[in-house]
Amino acid sequence: MRETTTVRRRARLRPVRPAGWWFDLLLLAALVGLTVALSADQLFGIDRAVADWADAHRPTAARWTAVILNYLGQGTPLTLIAAGLGVLLAVRLRSVRPVLPPVVAFALTYLTIGPLKVWTARPAPSASTKEPFLPPAQTLPLFQDELPVRFAQSYPSGHVANAIVWYGVIALLLAPLLRSFGRQMPRRVVAVVRVVPPAVVLCTTTYLGWHWLTDSVAGLLLGLLLDRLLHRVPWDDVPLPRRLRERDRPFISHP
């Protein structure tokens, strides 16, 4: 009796929209250009104007509403939710593949967002009204390496970048998870999950004075770039070690 072997198709990058690498290069160029402009003391007027407007239009009710909504961008809870969805789907499908996106997303965000914050060393707008109580003009520039790290990690906005990456991963896992229960996830719901929370986080984090507008824009550019990289990965076809072949069922295209 001949032994049958499973032939896995060749791994190919998954499509993203808009297609092609030109948009990724555009996002990267925009992020680099924004960083260069800020390092040359440009765009400070826009940042200051937005921060001053927010300070003058922040009644108590609006402030607390924004604070609550901003929790949508907390990296640790989002990481745990995505990991939990991955593990649940992995158990239902008896496959390790659903765990891969949260693991790779964690590594990607850990190796990019944090190091960029430390390297650019920019204080937040609130650094002039609470510790370290900097003069308002000193809260704007990048590369203030003389400040303790905890006071100079505003650029880019980790809340915004994390929200884009993690809600993208959550949407990626939710659809096959619902299919495993015999239900379909409408594309509109996928779009809402991926778009609305990051948009809310971008607005609230800027409105609350926790980040400059350009911090949030930089987080948006970085988050979109990382999200596109993650969604290009052919998760169903990534080669796995031999000992995991009994638990490598596809999850994106599973019936």
Side-chain angles (χ1 to χ4, degrees), residues 1 3-17 68-114 158-198 200-201 222-255:
M1 184 175 181
E3 180 181 356
T4 59
T5 58
T6 302
V7 178
R8 185 168 295 281
R9 59 189 178 186
R10 182 180 177 183
R12 300 178 59 182
L13 295 180
R14 298 175 62 227
V16 292
R17 295 174 59 188
I68 293 171
L69 291 175
N70 194 256
Y71 279 104
L72 290 171
Q74 291 290 331
T76 300
L78 290 176
T79 303
L80 294 176
I81 291 171
L85 291 175
V87 170
L88 178 58
L89 184 58
V91 170
R92 289 192 60 78
L93 298 182
R94 297 182 180 179
S95 171
V96 299
R97 291 188 178 276
V99 181
L100 298 179
V103 171
V104 175
F106 177 80
L108 202 55
T109 53
Y110 182 81
L111 294 174
T112 54
I113 299 174
H159 272 65
V160 175
N162 273 314
I164 294 172
V165 170
W166 286 113
Y167 282 104
V169 172
I170 288 171
L172 180 70
L173 295 171
L174 269 180
L177 181 60
L178 288 177
R179 282 202 304 272
S180 73
F181 287 99
R183 297 180 177 275
Q184 293 295 321
M185 186 172 180
R187 290 186 177 180
R188 289 184 179 180
V189 175
V190 174
V192 168
V193 171
R194 296 192 61 183
V195 173
V196 173
V200 170
V201 171
L222 177 60
L224 289 174
L225 179 60
L226 297 180
D227 177 75
R228 286 173 63 83
L229 292 177
L230 286 167
H231 278 79
R232 274 195 168 92
V233 178
W235 301 109
D236 284 349
D237 300 309
V238 172
L240 294 177
R242 184 185 300 272
R243 63 179 178 273
L244 296 178
R245 287 185 179 176
E246 292 183 0
R247 294 185 176 275
D248 72 342
R249 291 181 58 194
F251 70 97
I252 295 177
S253 59
H254 83 279

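Just so you know, these numbers use all the heavy atoms, side chains as well, and skip hydrogens, waters and symmetry mates. For the single chain, residues carry numbers from 1 onward in sequence order.
- Between the CG atom of Leu72 and the CD atom of Gln74 there is a distance of 9.5 Å, given to the nearest 0.5 Å.
- Between Leu173 and Pro102, the closest side-chain pair of non-hydrogen atoms falls below 4.5 Å.
- Looking at Val189 and Leu174, their side chains never come closer than 4.5 Å, going by heavy atoms from C-beta outward.
- Residues Leu177 and Leu85 form a side-chain contact, since some pair of their non-hydrogen atoms from C-beta on lies under 4.5 Å apart.
- A donor-acceptor pair under 3.5 Å is formed between the side chain of Arg97 and the backbone N or O of Trp235.
- Minimum interatomic distance between Arg14 and Leu172 (heavy atoms only, all atoms of both residues): NH1-CD1, 3.8 Å.
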Start with the C-alpha gap between Val165 and Leu108, add the side-chain angles, then the distance that decides, and say whether side chain to side chain contact (heavy atoms under 4.5 Å, CB included) holds.
CA-CA 9 Å; Val165 170; Leu108 202 55; over 6 Å; no
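- Minimum interatomic distance between Ala171 and Val190 (heavy atoms only, all atoms of both residues): CB-CG1, 4.0 Å.
- When every heavy atom of Ile170 is checked against every heavy atom of Leu78, the shortest pair comes out as CD1-CD2, 4.2 Å.
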Report the C-alpha distance between Leu240 and Val96 in whole Å, list the side-chain angles of each, state the deciding distance to 0.1 Å, and finish with yes or no for side chain to side chain contact (heavy atoms under 4.5 Å, CB included).
CA-CA 9 Å; Leu240 294 177; Val96 299; 3.7 Å; yes
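- Here the shortest heavy-atom pairing between Ser95 and Pro98 reads O-CD, 3.3 Å.
- Annotation: cation-pi pair Arg92/Phe251 absent, no NZ/CZ under 6.0 Å from the ring centroid and within 45° of its normal.
- Within the 4.5 Å cutoff, the side chain of Val196 has no heavy atoms near those of the Tyr167 side chain.
- The OG1 atom of Thr109 sits 12.0 Å away from the CG atom of Asp227 when rounded to the nearest 0.5 Å.
- Rounding to the nearest 0.5 angstrom, the gap separating the OG1 atom in Thr112 from the CG atom in Leu225 is 9.0 Å.
- Residues Arg12 and Pro234 come closest through the heavy atom pair O-CB, 3.0 Å.
- The nearest pair of heavy atoms linking Leu224 to Ile164 is N-CG2, 3.8 Å.
- The side-chain heavy atoms of Val169 and Trp166, taken from C-beta on, include a pair separated by under 4.5 Å.
- Between the CG atom of Asn162 and the OH atom of Tyr110 there is a distance of 13.0 Å, given to the nearest 0.5 Å.
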